[in-house]
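Fair warning: this is a prediction, and the values are worked out from it, not measured in the lab.
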Amino acid sequence: MLGFIKLLLLVLISTVITLFFSYLHLVFILDMYFQWFFNDVQDMQQYDYIIVGAGSAGSILATHLVEDKHSVLLLEAGGTAPSFLDIPLLGPLIQNTVYDWQYVTVSQEYACKGLINNQSRWPRGKILGGSSHLNYMAYVLGHQLDYEKWFPDFAESVAKNDESISISELRWNTDFADIILEAIKELNHNVSNINLQLDTGFMKAQLTMENGRRWSSDKILYKKPNPALTVITHARATKILVNLDKAEGIEFVRFGSKYTAIGKKGIISSAGVIESPKLLMLSGIGPKKHLEKFGISVINDLPVGQTLMDHILTGLDLIVVNANLGLNLSDIFNPMSALNYFFFGKGPWTSSGVEVLGIFHSPLHANKSAVPPDLQLMVLPFGASKDNGLISKKAMGISDETKIQ
């Protein structure tokens with residue numbers, strides 16, 4: 001009987017996932033046609049600033065610039081967010097959809113042995129609001145030494161109340177989080193608000209969340225509409241127009257047509273860690289040898305993209321504990337969980353998948369006060385095997401086989 005119930009639950013999960021993916025695809029197509037028919041774009045329009053990328057930084061920056069009486073064009077390659085994307089629990093489902101750039105690395109020879117084709121997936125938001133729509137919402141400022149050389153006033157800046165971003169404590173967590181923190185206390189580690197202290201230690205995660213719902217940076221555009229701000233979606237920037245070493249405009253493509261926009265005071269590339277370097281290199285700004293290989297005229301020989309580093313994650317699902325401690329499928333599909341979320345902004349549906357965060361030094365460092373911490377621990381209540389590989393495994397690209405050479 002128990003096996004039959006489990007099978008029935010898995011069939012229900014598969015059906016719900018399929019319907020959700022179909023919903024996302026349909027809404028995306030409708031949004032494209034709506035933008036195509038009703039939002040006409042004019043060529044050679046002039047603005048004070050042009051911002052490429054309406055993601056986590058671009059949306060906020062655009063809002064601040066128009067508040068300072070500047071005219072701004074905000075270009076976004078993706079579309080607008082449909083309903084229900086603000087449910088925190090759905091984060092993994094949004095990845096690998098039309099709202100994700102779906103980047104994968106080249107096949108690795110010495111790494112990613114547990115991933116499909118030895119390739120690491122890098123989810124990046126292709127949507128108004130960017131990756132703040134499909135990340136795991138963890139708000140982690142890091143350690144003060146991370147900023148000392150390039151942003152010495154960081155602590156003072158963070159201390160100011162910034163109304164642009166909504167930060168929230170967990171509105172629901174499993175017993176697993178409390179037990180982990182008790183164990184950490186017994187090991188004499190610091191348990192406190194490490195975001196406030198900018199120091200090492202452990203804490204229950206803080207999330208970019210508002211009233212139990214995912215907070216994404218595009219919400220600030222709706223909260224503070226301004227006629228000086230023009231937002232164009234489904235517009236992919238292809239080149240920065242440079243004249244006498246000065247960036248003067250942007251060339252972009254929208255629904256197969258090419259347009260040019262002029263930025264009188266500046267061009268800001270805020271398209272993310274992949275697309276921003278790519279746009280610079282397509283515009284002739286980057287490593288000379290690499291650009292010449294692709295026939296791109298070199299404007300400035302700079303090491304663009306050369307310092308990109310991955311944030312390595314390991315240890316997922318290696319430890320199995322009492323199944324009742326974590327987030328269970330029965331909790332997720334309980335009708336009361338849905339009611340609790342929609343009416344009160346509480347319950348399992350507010351879970352982002354990260355409950356406890358820790359930042360600490362590895363034993364490699366003898367003088368820990370002189371160097372920033374090099375390890376971070378994330379405690380998750382829901383492992384990749386918990387859903388029989390239907391969601392988490394696919395989102396992370398985990399392979400059925402591990403090839404060790």
Side-chain angles (χ1 to χ4, degrees), residues 91-92 94-97 100-126 130-131 134-136 138 140 142-143 145-146 149-150 200 271-282 285-294 296 301-320 353-354 356-368 370-380 382-405:
I94 304 167
Q95 297 175 16
N96 298 317
T97 68
D100 179 7
W101 283 98
Q102 302 185 41
Y103 298 125
V104 292
T105 65
V106 296
S107 184
Q108 302 294 298
E109 184 177 356
Y110 303 108
C112 303
K113 296 296 184 179
L115 302 180
I116 297 172
N117 298 324
N118 293 7
Q119 293 177 296
S120 176
R121 291 186 178 179
W122 285 11
R124 301 294 300 175
K126 189 179 182 182
S131 297
L134 48 81
N135 61 16
Y136 292 92
V140 190
H143 191 272
L145 292 179
D146 289 326
K149 292 183 179 179
W150 66 279
T200 56
V273 71
I274 305 296
E275 288 295 319
S276 281
K278 178 181 176 181
L279 178 60
L280 287 171
M281 287 188 278
L282 287 172
I285 304 169
K288 181 179 180 179
K289 184 177 179 181
H290 181 67
L291 298 185
E292 288 179 341
K293 179 181 177 181
F294 291 95
I296 299 174
D301 181 12
L302 294 173
V304 172
Q306 298 302 301
T307 55
L308 174 63
M309 296 178 66
D310 196 359
H311 187 169
I312 300 172
L313 173 70
T314 186
L316 184 68
D317 240 22
L318 292 181
I319 300 174
V320 179
V354 180
V356 174
L357 290 167
I359 298 175
F360 55 102
H361 293 88
S362 69
L364 298 174
H365 301 294
N367 185 8
K368 294 181 172 57
V371 293
D374 55 348
L375 291 176
Q376 182 183 55
L377 177 70
M378 293 190 298
V379 177
L380 316 178
F382 192 90
S385 63
K386 209 71 174 285
D387 59 6
N388 284 59
L390 293 174
I391 303 173
S392 303
K393 179 182 171 184
K394 291 181 179 179
M396 298 178 184
I398 298 174
S399 174
D400 292 326
E401 299 178 354
T402 301
K403 297 179 180 179
I404 304 296
Q405 296 176 346

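- Between the CD1 atom of I274 and the CG atom of L308 there is a distance of 5.5 Å, given to the nearest 0.5 Å.
- Inter-residue side-chain proximity for H365 and D374 is flagged as met; some heavy-atom pair is nearer than 4.5 Å.
- A 4.5 Å side-chain heavy-atom check between Y136 and M378 finds every atom pair outside the cut-off.
- For the pair G142 and I359, the tightest heavy-atom approach, listed with the atom from each and the gap, is CA-CD1, 3.9 Å.
- Taking CD1 of I285 as the start and CG of D301 as the end, the distance is 11.5 Å to the nearest 0.5 Å.
- Residues that satisfy the ring pair (Phe, Tyr, Trp, His ring centres under 6.0 Å) test with F360, not counting sequence neighbours, are F202.
- Applying the side chain to side chain donor-acceptor pair (under 3.5 Å) rule to T97 yields no partners; only residues at least two apart in sequence or on another chain are considered.
- Taken from OG in S131 to NZ in K126, the straight-line distance is 13.0 Å, to the nearest 0.5 Å.
- Using a 4.5 Å heavy-atom cutoff, the side chains of R124 and V273 are in contact.
- Rounded to the nearest 0.5 angstrom, N118 CG and S399 OG are separated by 8.0 Å.
- Scored by the side chain to side chain contact (heavy atoms under 4.5 Å, CB included) test, Q108 finds T105, V106, A111, C112 as partners (sequence neighbours excluded).
- Under the side chain to side chain donor-acceptor pair (under 3.5 Å) criterion, T200 pairs with no residue at all, not counting sequence neighbours.
- Scored by the side chain to side chain donor-acceptor pair (under 3.5 Å) test, W122 finds S120 as partners (sequence neighbours excluded).
- Panel note: side chain K113, backbone E109; a donor-acceptor pair is recorded below 3.5 Å.
- Not counting sequence neighbours, T307 has no partner by the side chain to side chain contact (heavy atoms under 4.5 Å, CB included) test.
- With hydrogens and angles left out, the side-chain atoms of Y103 and E275 include a donor and acceptor closer than 3.5 Å.
- Residue K288 qualifies as open at atom NZ: its count of foreign heavy atoms under 6.0 Å is 12 or below.
- For the side chain to side chain contact (heavy atoms under 4.5 Å, CB included) test, residues two or more places apart in sequence or in another chain that qualify with D146 are H143, P372.
- Between I116 and I398, the closest side-chain pair of non-hydrogen atoms is not below 4.5 Å.
- D100 is linked by a side chain to side chain donor-acceptor pair (under 3.5 Å) to nothing, counting only residues two or more places apart in sequence or in another chain.
- Taking 4.5 Å as the limit, some side-chain heavy atom of V140 sits within range of a side-chain heavy atom of L357.
- Across all non-hydrogen atoms, the minimal contact from L291 to G286 is CD1-N, 3.7 Å.
- Taking both residues in full, the closest heavy atoms of G272 and P277 are given as O-CD, 3.6 Å, listed atom of the first, atom of the second, then distance.
- With sequence neighbours excluded, the residues satisfying side chain to side chain contact (heavy atoms under 4.5 Å, CB included) with H290 are M281, P287, F294.
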